[in-house]
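Below is one structure, written out as structure tokens, with a few remarks after it.
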Amino acid sequence: MTEGREVVEDYRTKGLTLRRHPLAFLRPDLDRLRYRPCEWLAKAWNGERVRVAGLVLVRQKPGSAKGTMFITIEDEGAIANLIVWPKVFEANRRLILTAGCLGATGRLQRASGVTHLVVDRLEDLTHLLRRIGDRDGHDAFPLTTGRGDEAKHGGSPDQREALGRRVRDIYIPDLTVDTAKAELFSDAAEQRSAIRVKTRDFR
């Protein structure tokens, strides 16, 4: 398995991982989308406009907050505390309540040693989590494969290689592939590749 797949399986079976953080595998994608790491908030100046992204850990909407929602997101280096005013929440209700990975844009607010991002724009980045299973974060030692009867035949050339196929490929000349079913299996595999984070919601 790739390191990304190991992380996906950890989340699928345990709900967490002790390996690399999922967003570490997505950092190149997030950089292209101009999302800074959450640790950038510690360096930014008060009032600066910032874009950060992370896994949704906590959503809170206390009754005393008059409709304001507080969201905590986490990436591979730090957490970010988001403030979502009622107007922004109502405009993004479904996204906020369902997203597993959230991109947030807003202005930094630092007061009394507490740092928040006052959000005015949100983006659902959950679809990016489906890419993690195919990613590797290190140079793994490649495992070579060969014929199952190699010991018996002394490692003679595999005839499939002459046809441009790998040794693991299965070739059945008269096999008809149902493309609709193939797409369904592909979608199912993609769903299994997605990381599902259990958020804590308080309302």
Side-chain angles (χ1 to χ4, degrees), residues 3-4 7-8 11 15-17 19-137 190-191 193-203:
E3 188 180 4
V7 169
V8 170
Y11 269 88
L16 56 85
T17 185
R19 306 175 201 271
R20 297 180 72 200
H21 192 280
L23 262 67
F25 299 93
L26 299 177
R27 183 51 55 190
D29 302 271
L30 297 174
D31 287 343
R32 282 192 292 273
L33 294 171
R34 298 183 180 180
Y35 283 106
R36 291 188 179 276
C38 290
E39 61 187 4
W40 178 261
L41 298 180
K43 309 172 187 176
W45 44 268
N46 194 25
E48 182 177 350
R49 191 164 176 79
V50 185
R51 287 163 60 88
V52 293
L55 298 179
V56 179
L57 298 184
V58 181
R59 286 181 283 244
Q60 302 179 68
K61 196 178 181 186
S64 59
K66 299 180 180 179
T68 301
M69 175 164 270
F70 303 93
I71 303 174
T72 301
I73 62 174
E74 176 192 64
D75 66 7
E76 70 273 32
I79 64 169
N81 296 308
L82 314 179
I83 295 178
V84 183
W85 297 129
K87 186 176 180 179
V88 178
F89 173 76
E90 290 302 328
N92 298 273
R93 175 188 291 269
R94 183 178 179 82
L95 184 157
I96 290 171
L97 297 179
T98 60
C101 184
L102 202 59
T105 304
R107 295 199 178 277
L108 185 73
Q109 182 183 85
R110 187 176 287 116
S112 303
V114 180
T115 301
H116 291 95
L117 186 67
V118 181
V119 176
D120 54 51
R121 183 181 175 189
L122 292 161
E123 183 178 4
D124 188 350
L125 301 176
T126 308
H127 64 280
L128 294 180
L129 299 179
R130 297 181 180 180
R131 304 178 184 179
I132 294 174
D134 296 327
R135 307 228 169 151
D136 223 335
E190 201 171 277
Q191 290 293 334
S193 296
I195 286 179
R196 291 175 177 80
V197 182
K198 295 180 181 177
T199 61
R200 300 178 66 189
D201 297 332
F202 304 96
R203 280 183 271 166

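- The line from CZ of R27 to CD of E76 is 4.0 Å long, rounded to the nearest 0.5 Å.
- Nearest heavy-atom pair, P22 versus V7, reported as atom, atom and distance to 0.1 Å: CG-CG1, 4.1 Å.
- In this structure, the side chains of C101 and L128 stay at 4.5 Å or more apart for every pair of heavy atoms.
- Taking 4.5 Å as the limit, some side-chain heavy atom of L55 sits within range of a side-chain heavy atom of Y11.
- Summarising the geometry of A44 relative to L108, their closest heavy-atom pair is O-CD2, 3.4 Å, with the distance given to 0.1 Å.
- Atom CG of L125 and atom OH of Y35 lie 5.0 Å apart (nearest 0.5 Å).
- The shortest distance between side-chain heavy atoms of I96 and V56 does not fall below 4.5 Å.
- Considering every non-hydrogen atom in both F70 and A65, the closest pair reads CE1-CB, 3.9 Å.
- When all heavy atoms of C38 and A53 are compared, the closest pair comes out as SG-O, 3.7 Å.
- Looking only at distances, no side-chain donor or acceptor of R121 sits under 3.5 Å from a matching main-chain atom of R51.
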As a quick check of understanding, evaluate side chain to side chain contact (heavy atoms under 4.5 Å, CB included) for M69 and V119, giving each step before the final call. CA-CA 10 Å; M69 175 164 270; V119 176; over 6 Å; no
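- Listed by first and then second residue, the salt bridge (charged side-chain N to carboxylate O under 4.0 Å, His left out) pairs that reach into residues 34-48 come to none, sequence neighbours excluded.
- Considering all non-hydrogen atoms of both residues, I83 and Q109 come closest at CD1-OE1, 4.0 Å.
- With rounding to the nearest 0.5 Å, the separation of CG in N46 from OG1 in T115 is 8.5 Å.
- Taking all atoms of both residues into account, the shortest heavy-atom contact from G54 to I73 is N-CD1, 3.7 Å.
- The backbone N or O of A99 sits nowhere less than 3.5 Å from a side-chain atom of T126 that would complete a donor-acceptor pair.
- A side-chain donor-acceptor contact under 3.5 Å links T17 to the backbone of R19.
- Note that CG of N92 and CG of D124 are 10.5 Å apart. Values are rounded to the nearest 0.5 Å.
- Comment: R49 engages D120 in a salt bridge, judged by a side-chain N to carboxylate O separation of less than 4.0 angstrom.
- Atoms CD1 and CZ, from I71 and R59 in turn, are 7.0 Å apart once rounded to the nearest 0.5 Å.
- Annotation: side-chain contact (heavy atoms from CB on, under 4.5 Å) contacts of E74 (sequence neighbours excluded): H21, L57, I79.
- In this structure, the side chains of V84 and K61 stay at 4.5 Å or more apart for every pair of heavy atoms.
- Under the side-chain contact (heavy atoms from CB on, under 4.5 Å) criterion, D29 pairs with L26, R32, R131, R135, sequence neighbours left out.
- The closest side-chain heavy-atom distance from N81 to L41 is not below 4.5 Å.
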